[in-house]
**Q** 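The structure follows.
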Amino acid sequence: MSEVHVYPVPAEFASNAHINEQQYHAMYQQSVENPDQFWAEQAEQFLSWDQRWSKVSEYDFIKGEAAWFIDGKLNLTYNCIDRHLETRGDQTAIIWEGDDPADAKTISYRELHQQVCKLANVLKQRGVKKGDRVCIYIPMVVEAAYAMLACARIGAIHSVVFGGFSPEALKDRILNSDCQTLITADEGVRGGKSVPLKANADLALESCPNVHTVVTVQRTGGDIAWTEGRDIWYHEAVAEASDQCEPELMDAEDPLFILYTSGSTGQPKGVLHSTAGYLLQAAMTFKYTFDYQEGDIYWCTADVGWITGHSYSLYGPLANGATTLLFEGVPTYPDAARCWEICDKHQVNIFYTAPTAIRALMGVGDEFVTRTSRSSIKLLGTVGEPINPEAWEWYHRVVGEARCPIVDTWWQTETGAHMLTPLPGATALKPGSATRPFFGVQPILLDNDGNEITGAGEGNLAIKASWPSQIRSVYGDHQRMIDTYFSTYKGYYFTGDGARRDEDGYYWITGRVDDVLNVSGHRMGTAEVESALVLHDDVAEAAVVGYPHDIKGQGIYAYVTLMAGHQPSDQLLAELIQMCVQEIGPIAKPDLIQWAPGLPKTRSGKIMRRILRKVAANELELGDTSTLADPSVVDQLIENRLNK
Ligand code: WTA
């Protein structure tokens, strides 16, 4: 391994940040030695409660159960909006930057309050009550924030579905959680192109008879179909609604949202988060990881369709009374300087994005960066996938002009908030390492037999004890929660990631150790892509693996075996790609499809993915292949491999 360059904490951060090195150690110690006392203090400091809890935490990792701040009562929107009105009603809560650089607007906390109350009243009028599920399939418009907050205002559970998902994927998610209300837009706009969201929704809803209300935001004014009685225009409905709506009193453990994410088997799971613990850790990590200071302008590029958009575009910043920027477009439109131009235009101080975007921007040359000022930026962040040291160095040197620390934050949809991350005033940085655990987080490395690895070493990353923002259940299927996260290593939460711990106790995430792909920071199950491919009549069998990809981190490599009598063709290739787009969405397009007369299988018929991964990565040291039913299959695969 090459020499690791260590970047010390800049003097300015060491003296002015919320948390310095000494404080980190003292607080971390307290947080793991006396977690209930630690979290009780944080809960008092960060959240406003209508009723105090009777017990801080209770959990059982065998049964996959966890509860925090039991009997506590509060409302998330009171914490994210109302309590700020007195002191910062006129302060900007949201800066919205449109896809077109000429489109931007700002929303004050007061306006946010009015808009959220109005929509909350519309939902109530349509019969939506506490505990009902509301699906949100929407582009990055301010109404996305209003919609999520309006649900939380009345205690409805939101399920945001990323606007890039297909009608088929949307339908599955609506049905799985029996959402009866949908909030969408006529069309989305990204990179100068429109996305037919309402048309997609109409298709999905053909199979969702329980949906009684579709609220549509008019974004482009494009032509859409209309179902009388079911469909209402957002702008018409809110125009009539009152801008006052009492926040529903919620139990700390009442569900806040469902967010679907991919696992190694079956269809995506509805990760269920509850109210208080989630909000507390989102709020606290926002303040400490980004060293948020009063008045900072903060921008996270994530879409609200992902957990990062939930915790760090919306809830974390708003709970702290911050100004958060929502961007409708893409980093390369009109050109690759867009992000830095937005930073200059809105004087962004904290910028948080994914390694895939950094690698893509790095690839087009420094000139797009250096022609902008970026002098307002003081801190950079990354999330979603391992960042390779070259991309880290470029981000640090070129974007941050060697003055801004980079916080590489490791966490998951299931963890709700940052778990491993540097704190800019406390942590010396090593490019490619997510460094150390956040307060209260107890990581552990286990070997394949479940033995703890102590000191420096590499293994499977698990977590020893509950943390407030942890997943509470898989919606409608608690057994799946137990099987997925709490069965591999009894008594621990298993992350699905591998990691290395170095001599300084720093963690280096090595990537997923299960059959989950991470393509441009988007999680996808190999099984999902395989099921899409085998839907095609000509396909007998398909196996999907990830392979290293310069920009996306991982690309999708599919091996496809055709039914007897069918021949490969360009048209078939196009149809298979279309199958994935139709079943999942454009993010699931295979990068490479290899026609495979046979797949390597054990004598009991199990596909040996280890071999497929190696061939896809062009690593031809295959190891032991003696257990294969027909070893000659491998020679053919190698000969016709596509990633040479
Ligand atoms: C990966 C995104 C390395 C990891 C917040 C995890 C990372 C999965 C990092 C969760 C990071 C996320 N370094 N890998 N800083 N952050 N990952 O649920 O494999 O979309 O398990 O949550 O992304 O993806 P998810």
Side-chain angles (χ1 to χ4, degrees), residues 160-162 164-165 257-264 268-273 278 281-282 285-286 289 300-316 352-359 380-389 391-392 395 406-422 427 429-438 441 443 460-463 469-471 474 484-485 488 493-501 506-526 528 546 552-554 587:
V160 184
V161 176
F162 173 56
F165 279 120
F257 66 87
I258 298 165
L259 187 57
Y260 286 86
T261 192
S262 296
S264 39
K269 297 179 288 280
V271 170
L272 185 73
H273 279 288
Y278 169 80
Q281 205 168 331
T285 47
F286 174 78
T289 301
C300 162
T301 64
D303 191 282
V304 291
W306 309 114
I307 190 69
T308 309
H310 284 56
S311 304
Y312 298 109
S313 290
L314 212 59
Y315 294 133
Y352 188 36
T353 196
T356 188
I358 298 166
R359 286 190 296 263
L380 298 168
T382 75
V383 55
E385 39 170 337
I387 181 163
N388 46 313
W392 195 102
Y395 195 33
I406 297 177
V407 288
D408 175 354
T409 59
W410 175 86
W411 58 297
Q412 310 178 295
T413 304
E414 295 88 341
T415 71
H418 299 157
M419 297 291 278
L420 298 174
T421 179
T427 318
L429 305 172
K430 299 184 190 182
S433 170
T435 78
R436 300 185 297 209
F438 189 74
V441 174
N460 301 302
L461 178 63
I463 312 289
S469 62
Q470 81 155 72
I471 175 175
V474 169
T484 312
Y485 307 106
T488 318
Y493 166 86
F494 177 46
T495 65
D497 279 316
R500 184 167 67 78
R501 186 170 45 221
Y506 276 40
Y507 289 84
W508 301 72
I509 303 294
T510 52
R512 302 288 303 195
V513 293
D514 53 11
D515 290 320
V516 171
L517 304 174
N518 192 328
V519 181
S520 301
H522 300 154
R523 263 169 82 166
M524 220 175 303
T526 49
E528 287 168 70
K552 300 180 180 182
Q554 270 190 319
I587 54 175

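Start at 1 and go down the list; that is how both ligands and their atoms are numbered. Throughout, residue positions are numbered sequentially from 1 according to the sequence presented. Remember, it's a predicted structure, so these values are computed and weren't measured experimentally.
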**Q** At a 4.0 Å threshold, what atoms of ligand 1 neighbour a non-hydrogen atom of Thr308?
**A**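 Checking each atom against Thr308, I get 5 (C).
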**Q** Is the shortest heavy-atom distance from the side chain of Leu420 to the side chain of Ile509 under 4.5 Å?
**A**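 In short, these two side chains touch, coming nearer than 4.5 Å.
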**Q** If we ignore angles and hydrogens, is there a donor and acceptor under 3.5 Å between the side chains of Glu414 and Tyr485?
**A**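 Their side chains do contain a donor-acceptor pair, which is all the 3.5 Å distance test asks for.
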**Q** Test your reading of the structure: does Thr382 have an N or O sitting under 3.5 Å from an N or O of ligand 1?
**A**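 For ligand 1, there is no N or O atom that lies under 3.5 Å from one belonging to Thr382.
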**Q** Nearest heavy-atom pair of Pro355 and Ile387: which atoms, and what distance?
**A**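 Result for this residue pair: CG-CB, 3.8 Å.
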**Q** Would Tyr278 and His273 count as a close aromatic pair, with their ring centres under 6.0 Å?
**A**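 Yes.
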**Q** Among side-chain atoms of Tyr312 and Thr285, is any donor-acceptor pair under 3.5 angstrom?
**A**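 Looking only at side-chain atoms, Thr285 and Tyr312 do form a donor-acceptor pair, the distance falling under 3.5 Å.
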**Q** Would you say that Phe165 contacts Ile587 through its side chain, given a criterion of any heavy-atom pair below 4.5 Å between the two side chains?
**A**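 Yes, close enough: below the 4.5 Å cut-off.
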**Q** With heavy atoms under 4.0 Å as the rule, classify the contact between Arg512 and ligand 1 as side chain, backbone, both or neither.
**A**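 Under 4.0 Å from ligand 1, Arg512 contributes side-chain atoms alone.
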**Q** Can you tell me if Trp411 contacts ligand 1 (heavy atom of the residue under 4.0 Å from the ligand)?
**A**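 Checking ligand 1 against Trp411, which is what was asked, there is a heavy-atom contact under 4.0 Å.
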**Q** Among His522, Gln554, Arg359, whose side chain to side chain donor-acceptor pair (under 3.5 Å) with Glu385 holds?
**A**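 Result for side chain to side chain donor-acceptor pair (under 3.5 Å) with Glu385: Arg359.
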**Q** Heavy-atom distances under 4.0 Å are what count here, so tell me which part of Ile307 touches ligand 1: side chain, backbone, both or neither.
**A**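 The answer is the side chain.
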**Q** Atom 6 (C) of ligand 1: which protein heavy atom is closest, and how many Å away?
**A**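 Answer for atom 6 (C) of ligand 1: Asp497 OD2, 3.1 Å.
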**Q** Side chain, backbone, both or neither: which part of Asn518 comes within less than 4.0 Å of ligand 1 when only heavy atoms are counted?
**A**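 Side chain only.
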**Q** Less than 4.5 Å apart, side chain to side chain, heavy atoms only: is that true for Val513 and Phe494?
**A**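 Counting from C-beta outward, Val513 and Phe494 do come under 4.5 Å.
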**Q** What protein heavy atom sits nearest atom 24 (O) of ligand 1, and how far off is it?
**A**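 Result for atom 24 (O) of ligand 1: Arg523 CD, 3.1 Å.
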**Q** Does any N or O atom in Thr261 lie less than 3.5 angstrom from one in ligand 1, N or O only?
**A**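 No, since none of the N or O atoms of Thr261 sits under 3.5 Å from an N or O of ligand 1.
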**Q** Heavy-atom contacts with Val383 under 4.0 Å: which atoms of ligand 1 show up? List them by number with element.
**A**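 Answer for ligand 1: 5 (C).
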**Q** Answer with yes or no whether the side chains of Tyr260 and Thr413 bring together a donor and an acceptor at under 3.5 Å.
**A**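 No.
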**Q** Parallel, tilted or perpendicular: which fits the ring planes of Tyr315 and Phe257, with parallel below 30° and perpendicular above 60°?
**A**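 Ring orientation, 0 to 90° scale: parallel.
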**Q** Taking distance alone, with no angle check, do Asp408 and ligand 1 share an N/O pair under 3.5 Å?
**A**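 So ligand 1 has an N or O lying under 3.5 Å from an N or O of Asp408.
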**Q** Out of Gly384, Pro355, Pro386, whose heavy atom sits nearest atom 17 (N) of ligand 1?
**A**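 Ranked by closest heavy atom to atom 17 (N) of ligand 1, first place is Gly384.
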**Q** What atoms in ligand 1 come closer than 4.0 Å to a heavy atom of Thr413?
**A**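 Close to Thr413: 18 (O), 20 (O), 22 (O), 25 (P).
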**Q** Starting from atom 13 (N) of ligand 1, which protein heavy atom do you reach first, and at what distance in Å?
**A**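 Looking only at protein heavy atoms, the one closest to atom 13 (N) of ligand 1 is Glu385 O, 3.3 Å.
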**Q** List ligand 1 atoms under 4.0 Å from Thr409, heavy atoms only on the residue side.
**A**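 It comes down to these atoms of ligand 1: 9 (C), 11 (C), 15 (N), 16 (N).
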